[in-house]
Amino acid sequence: MSQAERISDGVTIRKGRAELIDQLQPLWLALHTHHQSVQPGFAYFADKTSWELRRSCYERWTAAEDSFVLLAELNGRAVGYALVEIQPGPDDTWVTGSRIAELQTLSVAPAERGNGIGTLLLDRVDAELDGLGVGDLLVGTLAANSGAQRLYERRGLRPVLVHYARFTADPERAEPVRPRES
């Protein structure tokens with residue numbers, strides 16, 4: 001299913017499904033590290049465990065009809081991705097269509113953040129959803145990830161839910177997560 005489209009300045013975006021999952025690992029781990037830096041004070045899984053769990057989710061999500069991965073590459077190097085799951089609708093609270101998209105992950109390599117890769121991916125997500133006739137989109141962010149929140153709000157998305165959590169893991173006793181070398 002992999003389709004590639006050159007966007008701009010050496011950036012190519014490939015659309016696929018489960019066949020792209022293994023290429024997402026370094027970008028997921030960069031996002032995992034970012035989560036820890038913007039939302040400290042919680043126990044986080046070590047990278048290996050986090051990737052194993054996330055990979056399992058990706059396999060399940062990409063198995064859903066019309067769900068997709070968009071992989072951004074700069075001169076052949078993976079620099080970002082968006083993974084979108086298409087879920088049946090309508091919602092039980094808000095008036096939605098018969099299918100709802102959820103952006104499960106948007107990740108951009110740390111060295112490329114602020115260079116428009118995220119915007120290119122979101123533009124392509126919107127185009128893909130338009131082609132599928134899906135107008136409703138859900139996106140979640142960490143409560144402290146104000147940069148992501150600003151990006152989504154600039155695109156016309158509005159906050160609708162706030163999740164509260166009680167995690168029993170003690171952050172002081174959690175397995176330390178070491179920063180990866182770039």
Working to the nearest 0.5 angstrom, can you tell me the gap between Leu122 CG and Leu103 CG? 6.5 Å
How long is the span from the CD atom in Glu19 to the CG atom in Leu71, to the nearest 0.5 Å? 10.0 Å
Locate the shortest heavy-atom distance separating Leu24 from Leu20; write the atom from each residue and the value. CG-O, 3.5 Å
How about His34 and Ser107: do any of their side-chain heavy atoms sit closer than 4.5 Å? no
Do Leu106 and Leu142 belong together in a cluster built from hydrophobic side chains that touch within less than 4.5 Å? no
So do Glu153 and Arg158 actually touch side chain to side chain, heavy atoms under 4.5 Å? no
Do Tyr152 and Pro159 come within less than 4.5 Å of each other through their side chains, counting heavy atoms only? no
Nearest heavy-atom neighbours spanning Ile21 and Glu59: CD1-N, 3.7 Å
I'd like to check Val11 versus Ile117 (side-chain heavy atoms, cut-off strictly below 4.5 Å). Are they in contact? yes
Residues forming a salt bridge (charged side-chain N to carboxylate O under 4.0 Å, His left out) with Asp22, sequence neighbours excluded: Arg55
Taking side chain as C-beta onward, heavy atoms only, is Leu138 less than 4.5 Å from Leu161? no
Taking side chain as C-beta onward, heavy atoms only, is Asp123 less than 4.5 Å from Val125? no
Partner set under salt bridge (charged side-chain N to carboxylate O under 4.0 Å, His left out) for Asp66, not counting sequence neighbours: Arg99
Side chain to side chain contact (heavy atoms under 4.5 Å, CB included) between Leu53 and Phe45: does it pass, once the steps are laid out? CA-CA 10 Å; Leu53 293 167; Phe45 280 114; 3.6 Å; yes
Got a sec, which residues hit salt bridge (charged side-chain N to carboxylate O under 4.0 Å, His left out) with Glu52, two or more places apart in sequence or on another chain? Lys48
Under the salt bridge (charged side-chain N to carboxylate O under 4.0 Å, His left out) test, which residues partner Arg154, sequence neighbours left out? none
As an exercise, state the distance from CD of Glu128 to CG of Leu121, rounded to the nearest 0.5 Å. 11.5 Å
Evaluate the side-chain proximity of Tyr44 to Gln39: yes if any heavy-atom separation is below 4.5 Å, no if none is. yes
Could you state whether Val69 and Ile100 fall into the same hydrophobic cluster, counting links through intermediate Ile, Leu, Val, Met, Phe, Trp or Tyr residues with side-chain heavy atoms under 4.5 angstrom apart? no
Gap separating the CG atom of Asn115 from the CG atom of Leu74, nearest 0.5 angstrom: 9.0 Å
Using the test side-chain contact (heavy atoms from CB on, under 4.5 Å), find all partners of Gln25 that sit at least two apart in sequence or belong to another chain. Leu29, Trp51
Would you indicate whether the side-chain heavy atoms of Asp136 and Leu129 approach each other to under 4.5 Å? no
Strictly distance-based, threshold 3.5 Å: is any side-chain N or O of His35 a donor or acceptor partner for the main-chain N or O of Asn145? no
Inspect the contact between Arg77 and Glu112 and indicate whether a charged nitrogen and a carboxylate oxygen are less than 4.0 angstrom apart. yes
Separation of Thr12 OG1 from Arg14 CZ (nearest 0.5 Å): 9.0 Å
Show, in sequence, the C-alpha distance, side-chain angles and deciding distance for Thr119 and Arg155, and conclude whether the side chain to side chain donor-acceptor pair (under 3.5 Å) test is met. CA-CA 9 Å; Thr119 297; Arg155 298 185 68 84; 4.9 Å; no
Would you list the atom pairs, donor with acceptor, under 3.5 Å between side chains in residues 78-91 and any protein atom, with sequence neighbours excluded?
from  : atom 1 : to     : atom 2 : distance (Å)
Tyr81 : OH     : Tyr58  : OH     : 2.6
Glu85 : OE1    : Gln87  : NE2    : 3.1
Glu85 : OE1    : Gln104 : NE2    : 2.7
Gln87 : NE2    : Glu102 : OE1    : 2.9
Asp91 : OD2    : Thr93  : N      : 2.7
Asp91 : OD2    : Trp94  : N      : 3.0

Return the OG1 to CG distance between Thr105 and Leu27, rounded to the nearest 0.5 Å. 10.5 Å
